[in-house]
Amino acid sequence: MIKYIIKRTLGLIPVFFGITLISFFVIHLAPGKPTDIQTSLNPKVSYEARLRMEKLYGLDKPIHTRYIEWLKRFVKFDFGRSYVDSRPVSEKILERIPVTLLINVSSLILILAVGIPLGILSAVRRNSFMDRATTVFAFVGFSVPEFWLALLLMSLFGISLGWLPVSGIKSLDFEYFSLFGKILDVARHIILPVSIGAFGSIAGISRYMRSSMVGIINQDFIRALRARGLKETDIVYKHALKNAILPVITILGLSVPGLIGGSVIFESIFAIPGMGRLFFESVMARDYSTIMGILSIGAILTLLGNLLADIAYSYADPRIRCGF
Amino acid sequence: MKYFFKNRLALIGFIFITIILAFALFAPKIATHNPAAIDTKSILSGPSNSHILGTDTLGRDIFSRIVYGSRISLSIGFIAVGISVGIGIFFGSIAGYYGGKIDSIIMRFIDICLCFPTFFLILAVIALVEPSIFNIMAIIGLTSWMGIARLIRAEILTLKERDFISASRIMGARGSWIILRHLIPNAIGPVLVSATLGMGGAILIESSLSFLGIGVQPPTPSWGNILMDGKSTLGVAWWLTVFPGIFILLTVLAYNLLGEALRDLLEPRIVANERIESK
Amino acid sequence: MSVLKVNDLRVHFRASAGMVKAVDGVAFEIEKGECLGLVGESGSGKTLTALSIMKLIPENAKIAAGEILFHDINLLALPNDHMRGIRGSKIALVFQESGVSLDPVFTIGHQMTEALFTHRRLVNRKEAKEIALEYLNRVHIPDPLKTFYDYPHQLSGGAKQRVGIAISLLNSPELLILDEPTTALDVTIQAQILDLLDEIIERHDISVLFISHDFGIIARMADRVAVMRNGKIVEMGMKNEILSNPKDPYTVNLLESVKALSWR
């Protein structure tokens, strides 16, 4: 298993470089420079001043030099300074990451807690009403525009019913709450974005889990287990389940980028101060360095997510853990 | 049984898509009003006889905007999917056919591309090149070809084992062009499925972008940007939010149902609900 | 005194072409300590017969008629949980390929002790482990303790088959059904497994239903022989009788093909 993990980690290094390369070139291929906001829109700025500003931001050097320099700083997580407010990008990201992580991890937990049992039950009671209802739910889950769902639920729970707050991550009088009160307050604020963000993935995971289970139950060794006289519940919920859940672990890893990307929408709608919202604001302001920083961090997080899923899988599947 | 159930739904999906296509093609005949007609007297009025689905913040008829919006949303979807299928077939067939180093490089490239949260990438590029309709189509296409590439590669790899060997023996190794002529048509099945499902995805992405304000720019109506004002008018004008959203939902759902039905149809070897014993 | 008595068994299953009568009026008896060899080509209905005895036929098949009497109990009329008590304890089945009859994600030891706990009242896991190791010994597994903690993919084909046999014996079955137990193995391993089976059968005095398409193997292992073709038994009798004096033309054919291969 260790060998497997090392091999996978080493394999990720070229991917990592590829990520930095692509994000670098993508941003720099675009027309328009970050200084445009400050310069072209301001007729008072002279041509020389513009050149000076570009030099300040290092925009005058050839592209490959800029890449190498950027790479050197990347590994130190130094993404330069924001073009908007000159604060270090890493600082800006750092203060936003915990929130985004909190929401995404909570989403993942929700996906696991709801999606997997749903898939199992659908498989066990194939073609029952419950199964068909879940299938319908899954299809709708794939098809619904998440931001729309967010708006609707926001208006239902936040405005009409007034049960949940609709913006931000803490209430105004957060500081006065007890520890438990603080936790509860944050929970109330994030429950909507977390649930909605998880919605589509729950649909996906439950379908996948279902087909995985059905595939396993049809295999020969299940019949052999029955021939041993084992209880049906043991066969399904112990043997079949343990086999069927393995590929689902990999799929979970693959849903990480979707969650991270989706956070842009939710954080904007719910006015949550997270990384996604920062990304959106940076994009609007053409804040190069922050954009690249967040893009890269996003990709790194995805990479980590996949690696973790791989490790979990290699541990769970004895065929890999105790290899040939 | 279950198959019939799915079939019926797929039929419904197909019918719905046809309706929406009709909306797009015959928009001027179907729409009740000029979608750009501003009518300050009936701002934010609810569904009524004159405005079936109500009006928006500028008094424009929502139904007409939705009908005209279908043109935009659908065409963006088609072209984006077309681009992604084109790129996907290109890379996938090269990787599958030539194998070896080229294959590894392309697969590695795909892995890298998949690491980026798609939405992040799209946002970054779109906002930097100004959101024209063509740019949106191109970007969505450029970020969704990976799945198709893998599919094509897999198909070609399997087909390569089977036919290539005998074919190259029979015809003398004029393999490449002939094989491409054989391989691509055979691999069309999963590609069709991906393309159909991809339509749904493209529509979702476009509407998300338009909703955020960096997709289709008003006054050109797209289902996403009709919803843009939804957030601020939630309490007052629910129809502004509900109706366009329902159209998006139903259209994407229709494509998904159709795609799944196609998948069941074209890939029977994967469906394994019943095991047949013969001893 | 018969352990198993099958009367007019009919099993139908739904294939894409229509309803197939896979087992069409099969009847036989097995006495205590006797080994009945069921021989026939693939598709003759042998395995389905075996699965019917265990009531483990696939979803798209059904038992259309007949009786299966195990010590005068009609298994076909038995409710499911009683049947479960019989499977794996009183009647045990060894599959063709033990590779696919073992759960790949649980250790051998776990699967064996699980089978023990299902049917016996044991004191604790230690006792179960000891019994499992004992049986691994009986099937001549070289290093029982290591195998106990191994996963199926870590064993060779022959070893897996031995494990399969061990599991089937764990709860002292009265009837052992062997469905092509050596077909998937190399010839040398085949011989070893057959020797093992000889030993086991003699030692435990079990009644055996031995299914194979290989007449040579049947000739070696069985006391009585039943020849199956297209879902029916075309000839049945004492082994020596059948071998020396086959009456049905199909049996004659089968015997000819064996002689041509000159097995053993």
Side-chain angles (χ1 to χ4, degrees), chain A residues 1-4 116 120 123-128 131 209-250 310-324, chain C residues 47 50-51 53-60 80-108 110-112 114-120 149-156 160 163-164 167-171 173 176-177 179:
Chain A
M1 171 176 137
I2 306 281
K3 258 194 273 187
Y4 179 80
I116 292 186
I120 297 173
V124 171
R125 292 168 209 218
R126 260 192 305 155
N127 295 333
S128 68
D131 178 25
M209 185 74 208
R210 179 189 183 280
S211 63
S212 185
M213 276 291 274
V214 169
I216 294 287
I217 291 185
N218 278 337
Q219 282 190 22
D220 285 336
F221 74 87
I222 297 289
R223 194 174 49 167
L225 293 176
R226 290 202 181 109
R228 293 186 209 160
L230 298 179
K231 277 191 286 197
E232 194 69 16
T233 39
D234 274 351
I235 295 181
V236 168
Y237 293 104
K238 186 168 120 180
H239 289 272
L241 179 52
K242 190 159 180 213
N243 274 280
I245 210 164
L246 293 175
V248 175
I249 296 180
T250 322
D310 262 344
I311 295 180
Y313 184 90
S314 68
Y315 181 74
D317 188 343
R319 287 164 287 199
I320 300 185
R321 175 155 44 108
C322 321
F324 290 95
Chain C
T47 303
L51 289 177
I53 298 176
M54 295 283 269
K55 284 176 83 175
L56 283 179
I57 53 177
E59 271 183 37
N60 56 344
N80 235 347
D81 25 331
H82 288 217
M83 191 66 215
R84 218 177 14 88
I86 294 184
R87 285 189 206 120
S89 68
K90 298 267 186 306
I91 308 182
L93 178 48
V94 174
F95 288 88
Q96 174 171 332
E97 229 191 305
S98 272
V100 297
S101 66
L102 294 169
D103 186 331
V105 301
F106 285 98
T107 57
I108 303 291
H110 184 112
Q111 299 190 48
M112 289 182 81
E114 181 186 38
L116 283 169
F117 277 114
T118 306
H119 292 288
R120 296 211 218 174
Y149 288 113
D150 273 344
Y151 287 92
H153 69 269
Q154 294 171 288
L155 303 181
S156 67
K160 280 190 277 205
V163 168
I167 294 185
S168 69
L169 297 172
L170 279 175
N171 294 307
L176 186 59
I177 306 179
D179 188 4

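Chain A is the first sequence line, chain B the second, and so forth, proteins listed ahead of strands; every chain is numbered from 1.
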- Item | Pairs of heavy atoms under 4.5 Å with chain A: top-ranked of D103(C), L93(C), V100(C), I86(C) |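 That would be D103(C).
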- Item | Part of L246(A) within contact of chain C (heavy atom distance under 4.5 Å) |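 For L246(A), the contact with chain C is made by the side chain alone.
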First locate atom [atom1] of [X], then atom [atom2] of [Y], and finally report the distance between them rounded to the nearest 0.5 Å.
{"X": "K231(A)", "Y": "D81(C)", "atom1": "NZ", "atom2": "CG", "result": "11.0 Å"}
{"X": "E114(C)", "Y": "L225(A)", "atom1": "CD", "atom2": "CG", "result": "7.0 Å"}
{"X": "R228(A)", "Y": "S89(C)", "atom1": "CZ", "atom2": "OG", "result": "14.0 Å"}

Which atoms of [X] approach chain A - backbone, side chain, both or neither, heavy atom under 4.5 Å:
{"X": "Q111(C)", "value": "both"}
{"X": "I177(C)", "value": "neither"}
{"X": "T118(C)", "value": "side chain"}

Minimum-distance pair of heavy atoms, taken over all atoms of [X] and [Y]:
{"X": "A224(A)", "Y": "S101(C)", "value": "CB-CB, 3.3 Å"}
{"X": "F221(A)", "Y": "L102(C)", "value": "CB-O, 3.9 Å"}
{"X": "P104(C)", "Y": "N243(A)", "value": "CG-OD1, 3.5 Å"}

- Decide side-chain contact (heavy atoms from CB on, under 4.5 Å) for V105(C) and H239(A); before the verdict, give the C-alpha distance in whole Å, the side-chain angles of both, and the deciding distance to 0.1 Å. CA-CA 8 Å; V105(C) 301; H239(A) 289 272; over 6 Å; no
- Query: More than 12 heavy atoms of other residues, nucleotides or ligands under 6.0 Å from OH of Y315(A): is that the case?
  - Reply: no
- Should we count CZ of R120(C) as having more than 12 external heavy atoms under 6.0 Å? yes
- Query: With no hydrogens and no angle check, is any side-chain donor or acceptor of H153(C) less than 3.5 Å from a backbone partner on I320(A)?
  - Reply: no
- Largest heavy-atom contact set with chain C, pairs under 4.5 Å, which of R226(A), E232(A), K238(A): K238(A)
- Query: Hey, does L51(C) have a side-chain heavy atom less than 4.5 Å from the side chain of R223(A)?
  - Reply: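 Contact flag for R223(A)/L51(C) side chains = yes.
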